[in-house]
Amino acid sequence: MTTNVFDELTWRGMVYDATPGCDGMLATEKVACYIGFDPSAKSLHMGQLIPIALLARMQRYGHTPIAIAGGGTGMIGDPRPTAERQLLSKETVEENVLGIRAQLERFLDFKAKNNPAKLINNADWLFKLGLIDFLRDTGKQFTVNYMLDKESVKARLGREAGVSFTEFSYMLLQAYDYLQLYRGHGCRLQMGGSDQWGNILAGVDLIKKVAATTNQAGAVTGYSHGEPHALVHPLLTTASGEKFGKSEGNALWLDRSMTSPYRFYQYWFNVDDRDVVTYLKWFTLLDRPEIEGLEEAVRTEPANREAQKRLAREVTIAAHGQDGLDEAERVTAAFFGGELARLGASDIEDVLGDAPSGHVPRSALQGGMSFDRFAVAAGLCVSNAEARRLIDQGGAYLNDARILDPRQAVTVEHLIDGRIVILRRGVKTYRLVQITG
RNA sequence: GCAGGGGUGGGUGAGUGGUUAAAACCGACAGACUGUAAAUCUGUUGCCUGACGGCUACGUAGGUUCGAAUCCUACCCCCUGCACCA
């Protein structure tokens, strides 16, 4: 472990940009720092593990992490370069904030003796904010020219549909948040992705304007709670150029009911060799020698996947606890260990309770059901045509036996202990089918 | 508001009356090879059908035609200039 977070983050490749003096502050003082979490869904997604990891690391170095649940800013929405956002209802935002809160509590220590993490909802102050006061106190500090400089706003200005005043104002709200935290919690660092740089600097600028202390001659001598800073991380993409944290184009979630621990684990397990070291640095607390050891392992014995296994273990346990990891590893062993056939139904149910599953009524199998239709009924394929295609190509399996004839009948004979069937497509897509009724 | 360009399958994008379920590329899926990797190679990639064949589809709604993604009309949306706001 290096002596200060900044060096640590630099080594981990997580510093894209920071305000001058930020490194010095982090090396010599213990400060409060914050990151905002947008409550646009009831669960955080994998991409948001990045800010979580940053906060967690700050805490380890003795700084105080503050997670902001954007209950207020979530009512507005940060402008996207393409199109206006759909406003979420107040109820939805509140619900989402609750979900996010529960998840953050697993990653940050809220009971630490010296620097317990804090979780604050910016609705606390934004909802109370009076328009006139806001325009006079905060709005007056910014020129529209400054605000127009933001990339996402520029992009929108070039379009006929434009950008609503609502979203245009977002930047000021975020700046105001930072000011509130600065005043109320002495928060001196805001972090985020590099796409947030503009918004974060707006906050820094606002604080500097409002909280500067001056000498007799009017020159700035300092700031009431110390100089505010900004630090942003690079935006992470995979070696193949995709957005990090997406599988088949869908986001993976931290909520186990939305993304099972098994799928979560598998995502990390399957990380490209080219990405695995970066991910170890970003998402695990492993120290430098350990990561360098794994890096070496990737180079010399890639087939062992030591780095991927370790990555998957570390991150899954952080997100889903020991139970979640056990479950993910049990399912993995059952599916990929080639011993499905030897297990009984209750063992399988036990182990795979969490695996992607489908249900087919027993009555459908009484007279036998052709395999292609069964595959659709069980949710392995979306259409009969797709099922037939899959079978033709030799990628369909029933209880680990390849099926080559679409009309092959699935009957009660195939049931494991009379109530379960395992379907598989290709190498790694398994589906547990429960026969009901 | 005026003028011009455009809306095609998951994406980019060809196609301007029949031979077009719609080129090409990407993505996706499967197979081979492997390490549950990458790269590569092969196949598949609207739906129903074992197959013949059928059905639905090219912004939306109508129309012309034996026949339209392709022509006409109206509407919606996007883009590019110009004007207005200044």
Side-chain angles (χ1 to χ4, degrees), chain A residues 80-84 144-145 148 154-163 165 237-244 246-252 260-280 294-295 297-313 316 328-340 352 355-356 368-377 379-398 400 402-409 422-431:
Chain A
R80 282 181 298 205
T82 47
E84 195 76 5
V144 169
N145 312 49
L148 289 175
K154 269 194 224 166
R156 293 278 290 279
L157 286 176
R159 290 165 172 263
E160 201 155 321
V163 56
F165 179 69
T237 52
T238 67
S240 47
E242 290 164 345
K243 245 189 188 168
F244 161 78
K246 298 216 168 177
S247 165
E248 290 144 42
N250 299 312
L252 292 171
S260 69
Y262 163 71
R263 282 216 294 139
F264 184 85
Y265 178 90
Q266 284 287 318
Y267 178 85
W268 297 101
F269 188 93
N270 278 300
V271 159
D272 196 309
D273 288 359
R274 292 169 293 179
D275 289 321
V276 70
V277 173
T278 305
Y279 291 3
L280 282 166
L294 290 167
E295 190 168 9
V298 174
R299 199 163 38 239
T300 56
E301 297 207 86
N304 286 344
R305 300 175 155 263
E306 206 185 314
Q308 278 90 342
K309 284 177 191 163
R310 192 63 196 279
L311 174 69
R313 287 183 65 90
T316 305
E329 289 188 324
R330 277 203 306 273
V331 179
T332 296
F335 279 159
F336 295 98
E339 53 188 31
L340 272 181
L352 305 187
M369 185 177 192
S370 69
F371 183 78
D372 55 351
R373 287 175 189 287
F374 183 79
V376 174
L380 186 73
C381 300
V382 299
S383 71
N384 293 339
E386 188 196 288
R388 250 178 271 123
R389 225 177 278 138
L390 180 70
I391 296 159
D392 280 348
Q393 293 174 144
Y397 299 80
L398 171 64
D400 266 348
R402 181 177 272 180
I403 299 296
L404 291 167
D405 178 4
R407 280 160 300 171
Q408 153 101 46
I422 308 271
L423 288 182
R424 178 180 135 202
R425 62 178 297 161
V427 185
K428 50 187 167 188
T429 308
Y430 284 88
R431 200 160 181 92

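Order of the sequence lines fixes the chain letters, A, B, ..., with proteins taken first and strands second; residue numbering starts at 1 for each chain. For clarity, every value in this text was computed on a predicted model and none was experimentally measured.
- B/G17 and B/A22 are spaced 15 Å apart, taking the C1' atom of each and rounding to whole Å.
- Between B/C52 and B/U44, the two P atoms lie 15 Å apart (nearest whole Å).
- For A/D273 and B/A38, the CG to P distance is 9 Å, given to the nearest whole Å.
- One finds a side-chain N or O of A/K428 lying less than 4.0 angstrom from the OP1 or OP2 phosphate oxygen of B/A37.
- For the pair A/R299/A/D273, no side-chain contact is recorded, criterion being any heavy-atom separation below 4.5 Å from C-beta on.
- Once rounded to the nearest 0.5 Å, the distance linking CG of A/L280 with CG of A/L311 reads 5.0 Å.
- Following rounding to the nearest Å, A/K309 (NZ) and B/G35 (P) show an atom-to-atom distance of 12 Å.
- Within the shown strands, B/U45 is the pairing partner of B/G27 under the Watson-Crick or G-U definition, both distances less than 3.5 Å.
- Side-chain contact between A/R389 and A/C381 is absent, with no heavy-atom pair separated by less than 4.5 Å.
- For the P atom pair drawn from B/A28 and B/U12, the interatomic distance equals 16 Å after rounding to whole Å.
- Rounded to whole Å, the distance from CD on A/Q266 to C1' on B/G35 is 13 Å.
- Of the C1' atoms belonging to B/G11 and B/G18, the separation is 30 Å, rounded to the nearest Å.
- Spacing between atom CZ of A/R299 and atom P of B/G35 amounts to 20 Å, rounded to whole angstrom units.
- The distance between atom CD of A/Q308 and atom P of B/U34, rounded to the nearest whole Å, is 19 Å.
- B/A86 is unpaired under the criterion used here, namely a Watson-Crick or G-U wobble arrangement in which both key atom distances are under 3.5 Å.
- Nucleotide B/A51: unpaired (no Watson-Crick or G-U wobble partner with both distances less than 3.5 Å).
- Nucleotide B/A14 forms a pair with no other nucleotide shown, judged by Watson-Crick or G-U wobble geometry with both contacts under 3.5 Å.
- One P atom belongs to B/U40, the other to B/C26, and the distance between them is 10 Å to the nearest Å.
- Nearest-nucleotide assignment on RNA chain B puts the 5′-proximal partner with A/R424, out of A/R424 and A/V298.
- With rounding to whole Å, A/R425 atom CZ is found 9 Å from B/G31 atom P.
- Partner assigned to B/A57 is none, using Watson-Crick or G-U wobble distances below 3.5 angstrom.
- The nearest whole Å value for the distance from the OH atom in A/Y279 to the C1' atom in B/A38 is 14 Å.
- Rounding to the nearest 0.5 angstrom, the gap separating the CD1 atom in A/I403 from the CG atom in A/L398 is 4.5 Å.
- Base pairing of B/A39 is not made with any nucleotide, judged by Watson-Crick or G-U wobble geometry with both donor-acceptor distances under 3.5 Å.
- Classified by interplanar angle (parallel below 30°, tilted 30° to 60°, perpendicular above 60°), the ring pair A/F244/A/W268 is tilted.
- Pairing for B/A68 is absent, with no Watson-Crick or G-U wobble pair whose two atom distances lie under 3.5 Å.
- B/C84 and B/C76: their C1' atoms are spaced 24 Å apart (whole Å).
- Counting heavy atoms from C-beta on, the side chains of A/L423 and A/F371 come closer than 4.5 Å.
- Shortest non-hydrogen contact noted between A/L380 and A/E386 is O-OE2, 4.2 Å.
- Atom C1' of B/U19 sits at a distance of 15 Å from the matching atom of B/A68, rounded to the whole Å.
- Pairing for B/G4 is with B/C79, a Watson-Crick or G-U wobble pair whose two hydrogen-bonding atom distances lie under 3.5 Å.
- Annotation: the span from A/T316 atom OG1 to A/E329 atom CD amounts to 8.0 Å, rounded to 0.5 Å.
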Summary of protein contacts for nucleotides 42-55 of chain B, nucleotide by nucleotide, where a base hit scores B, a sugar-phosphate-only hit scores S (4.0 Å, heavy atoms): -BSS-SSBS-----
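- Partners of A/N270 by side-chain hydrogen bond (donor to acceptor under 3.5 Å, both in side chains), not counting sequence neighbours, listed by chain and number: A/Q266, A/K428.
- Whole-Å rounding puts the A/E301 CD to B/A37 C1' distance at 15 Å.
- Atom name C1', nucleotides B/G54 and B/U60: the rounded distance is 27 Å, in whole Å.
- Using a 4.0 Å heavy-atom criterion, one finds that A/N270 contacts the bases of the nucleic acid, with or without backbone contacts as well.
- Among the atoms of the strands shown, only primed sugar atoms or phosphate atoms (P, OP1, OP2) are found under 4.0 Å from some heavy atom of A/R402.
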